[in-house]
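Everything on this sheet refers to the single structure shown next.
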Amino acid sequence: MFTASDHVYMTRALQLAEQGLYSTMPNPRVGCVIVKNNQILGEGAHLKAGEPHAEVFALRQAGEQAKGATAYVTLEPCSHIGRTAPCAEALVKAGVSKVIAAMQDPNPLVAGSGLAYLKANQIQVASGLMESQAKALNPGFISRMTRKMPYVRCKIASSLDGKTALNNHQSQWITSEHARLDVQHWRAQSCAILTGIGTVLSDDPSMTVRSIETDVQYNGRQPMRVIVDSQLRISPQAKILQGGNTLIAFAQDLENKADALLAADAQLLCVPNVDNKVCLKTLLSHLAHMQINEVLVEGGEGLNGALLAQNLIDELLLYYAPKLMGSKAKGLFELPALTHMNQAIALDITDLRQIGCDIRLLAKPIYPC
């Protein structure tokens, strides 16, 4: 159905979409290429919510030559009026003869209507070209639209024997500077960073994006910081509260700290479960309602274990340092003891590479049905 040339042009559109990796949220990352007679006439990428979509930039470059051309776009052109005018309408006005989309838009406001609009206006349409690559660019947007939950990626740095901190809580630094810099890129593409009160009390982290050069793709945007703190033990002077844009999820205010934390510009969300701990599923659902696409978890074994036990982790981002820390050190996940090997959580390893002297592994948990 699709030619070798189609793959070449869609590959270019996907490369353009990557330009929005750090900046498009809550919108998806989208790229577009306008082609006629085997010549690229226009290119575009969506870089920021509220600004023109990829198709508009590409059509502007192509100008009058867009008439009779083929548009390659990584996501079905929108057909509804949001912050900007519908892209499907712009393609019709430009007179393109064919539109090839990598995937259908999971947004219920579009969900096939964009392609249907193009077809109704005598434009040839096709979709599914390099669909898996297009989906990999927008796991959070897809998750939020289809499950009403953000995509949860859990980052853990450990020794080769799976230890994340010494028994005295010391953990800086297990991995190398190269691995820590790599983490900054994952932070930058996330909408929120989620951590637990144990990490905050032990390390007093800022949880901000650092060490990335300011450019059009990043431009200094900081993810929201989200803290799971069942009893509001956090200090109003904690570094993670500096600069605002911090949400604290709690269950009980035993020390009457709410007013002081609000004065420190923190946002508070009371989401208790039956055990008077934070209901993690409700918290994540609330983040999706706030248009949070991707959440990067940077917590300890307690939070990691609670999320994994409730099937709330979509992907693991694991860094293994060439070190051994011994059996008394803290592990990756705090989970109940297993009694049979069939209770173990299987992993689908999707990427494995060396970062400096460390090993980085990407894997997706395979939860029992």
Side-chain angles (χ1 to χ4, degrees), residues 106 131-133 135-165 174-175 179 182-183 185-187 189-196 198-199 223 226 228 249 273 275 277-288 292-321 329-355 358-369:
E131 183 175 24
S132 60
Q133 293 92 324
K135 286 183 175 180
L137 270 175
N138 291 297
F141 180 77
I142 294 169
S143 178
R144 182 165 64 85
M145 290 297 159
T146 59
R147 302 188 302 162
K148 299 189 185 306
M149 294 284 278
Y151 188 84
V152 178
R153 183 180 289 116
C154 183
K155 167 258 168 182
I156 309 176
S158 78
S159 59
L160 204 56
D161 55 345
K163 302 301 179 179
T164 58
I174 295 176
T175 53
D182 189 67
V183 171
H185 292 275
W186 292 98
R187 281 187 182 182
Q189 75 177 64
S190 302
C191 303
I193 300 171
L194 176 66
T195 193
T199 298
V226 181
V228 176
N273 62 15
D275 299 317
K277 294 183 178 180
V278 170
C279 180
L280 296 173
K281 186 172 183 180
T282 302
L283 169 59
L284 292 172
S285 177
H286 179 80
L287 293 179
I292 296 293
N293 290 339
E294 295 180 31
V295 172
L296 181 65
V297 180
E298 296 195 47
E301 60 179 351
L303 179 59
N304 296 341
L307 288 165
L308 191 67
Q310 296 176 52
N311 299 3
L312 295 175
I313 294 176
D314 297 300
E315 185 174 43
L316 295 169
L317 172 62
L318 305 175
Y319 293 87
Y320 288 102
K330 296 185 178 297
L332 281 70
F333 302 95
E334 186 178 297
L335 292 168
L338 305 184
T339 57
H340 198 282
M341 281 303 297
N342 63 12
Q343 296 172 320
I345 297 174
L347 301 177
D348 176 18
I349 297 176
T350 58
D351 187 78
L352 180 65
R353 66 185 68 189
Q354 188 164 342
I355 306 291
D358 303 310
I359 296 170
R360 191 189 78 188
L361 184 149
L362 282 171
K364 294 185 178 182
I366 303 172
Y367 296 112
C369 298

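Start at 1 with the first residue, then count along the sequence.
- Scanning all heavy atoms of the two residues, the minimum distance from L283 to V228 falls at CD2-CG2, 3.9 Å.
- The backbone N or O of Q310 lies less than 3.5 Å from no partner atom in the side chain of Y367, so there is not a single donor-acceptor pair.
- Taking all atoms of both residues into account, the shortest heavy-atom contact from A136 to P139 is O-CD, 3.3 Å.
- Taking the charged nitrogens against the carboxylate oxygens, D314 and R147 do have a contact shorter than 4.0 Å, which makes a salt bridge.
- Here the straight-line distance linking atom OG of S190 with atom NZ of K155 works out to 11.5 Å at 0.5 Å rounding.
- In this structure, L332 CG and Y320 OH are separated by 5.5 Å, a value rounded to the nearest 0.5 Å.
- Looking only at side-chain heavy atoms (C-beta outward), L284 and P150 come within less than 4.5 Å of each other.
- Looking at every heavy atom in both residues, T199 comes nearest to G300 through OG1-N, 3.5 Å.
- The two residues E294 and G140 have their closest heavy-atom pair at CG-CA, 3.8 Å.
- Residues V297 and L303 form a side-chain contact, since some pair of their non-hydrogen atoms from C-beta on lies under 4.5 Å apart.
- A donor-acceptor pair under 3.5 Å is absent between the side-chain atoms of S159 and the main chain of A321, judged by distance alone.
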Test L312 against V152 for side chain to side chain contact (heavy atoms under 4.5 Å, CB included), laying out the working first.
CA-CA 7 Å; L312 295 175; V152 178; 5.6 Å; no
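- Between atom OG1 of residue T164 and atom CG of residue L318 there is a gap of 11.5 Å, rounded to the nearest 0.5 Å.
- Residues W186 and R153 have side chains in contact (heavy-atom distance under 4.5 Å, counting atoms from C-beta outward).
- Within the 4.5 Å cutoff, side-chain heavy atoms of V226 are placed close to those of L287.
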Worked check of side chain to side chain contact (heavy atoms under 4.5 Å, CB included) between R360 and Y319
CA-CA 5 Å; R360 191 189 78 188; Y319 293 87; 3.6 Å; yes
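- Of all heavy-atom pairs spanning L347 and A363, the tightest one is CB-CB, 4.1 Å.
- Side-chain contact check for F333 versus I156: some heavy-atom pair is nearer than 4.5 Å.
- Counting only heavy atoms from C-beta outward, the side chains of M149 and S285 approach each other to under 4.5 Å.
- The two residues T195 and E298 have their closest heavy-atom pair at OG1-O, 2.7 Å.
- Rounding to the nearest 0.5 angstrom, the gap separating the CE atom in M341 from the CD atom in Q343 is 10.0 Å.
- No side-chain heavy atom of K281 sits under 4.5 Å from any side-chain heavy atom of N273.
- Here the CD1-CG distance, from I349 to L362, works out to 10.0 Å after rounding to the nearest 0.5 Å.
- Separation of atoms CG (D358) and OG1 (T175) is listed at 5.5 Å; rounding is to 0.5 Å.
- Using a 4.5 Å heavy-atom cutoff, the side chains of N293 and N138 are not in contact.
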